[in-house]
Amino acid sequence: MVNATKGLVISCDIPMAQFIINMNAMLPASQKFIIHVLDNTHLFVQPHMAEMIRSAISEFRDQNSYEKPA
């Protein structure tokens, strides 16, 4: 019998995948959102967590971007 799970595939580079995996590891077991790590650059996650992942990535990028002083 086939067992299907609804989810979202995230395709990214290796450092961003590690950021998402680390973010998932810091959550309690009841809130973990990664269903399966497909390979180094692809993750299968719960679809309702997409916006939370996007906002965390956006915040991470904002914190790690250089702005030339005026």
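FYI, the numbering just counts along the sequence from 1.
- Scanning all heavy atoms of the two residues, the minimum distance from C12 to A17 falls at SG-N, 3.5 Å.
- With a 4.5 Å cut-off on side-chain heavy atoms, T41 and D13 do not count as touching.
- Residues M52 and Q46 have side chains not in contact (no heavy-atom distance under 4.5 Å, counting atoms from C-beta outward).
- In this structure, I35 is not a member of the same hydrophobic cluster as I20, with clusters built from ILVMFWY side-chain heavy atoms closer than 4.5 Å.
- Using a 4.5 Å heavy-atom cutoff, the side chains of M23 and I57 are not in contact.
- In this structure, CD on Q18 lies 8.0 Å from CD1 on I14, to the nearest 0.5 angstrom.
- F19 and L38 are members of different hydrophobic clusters when ILVMFWY side chains are connected at heavy-atom separations under 4.5 Å.
- Nearest heavy-atom pair across P47 and G7 is CD-CA, 3.7 Å.
- Shortest non-hydrogen contact noted between F33 and M49 is CB-CG, 3.4 Å.
- Between atom CG of residue L8 and atom CD1 of residue I53 there is a gap of 7.0 Å, rounded to the nearest 0.5 Å.
- The distance from atom CD1 of I34 to atom CG of L27, rounded to the nearest 0.5 Å, is 9.5 Å.
- Note that CD of E59 and CZ of R54 are 16.0 Å apart. Values are rounded to the nearest 0.5 Å.
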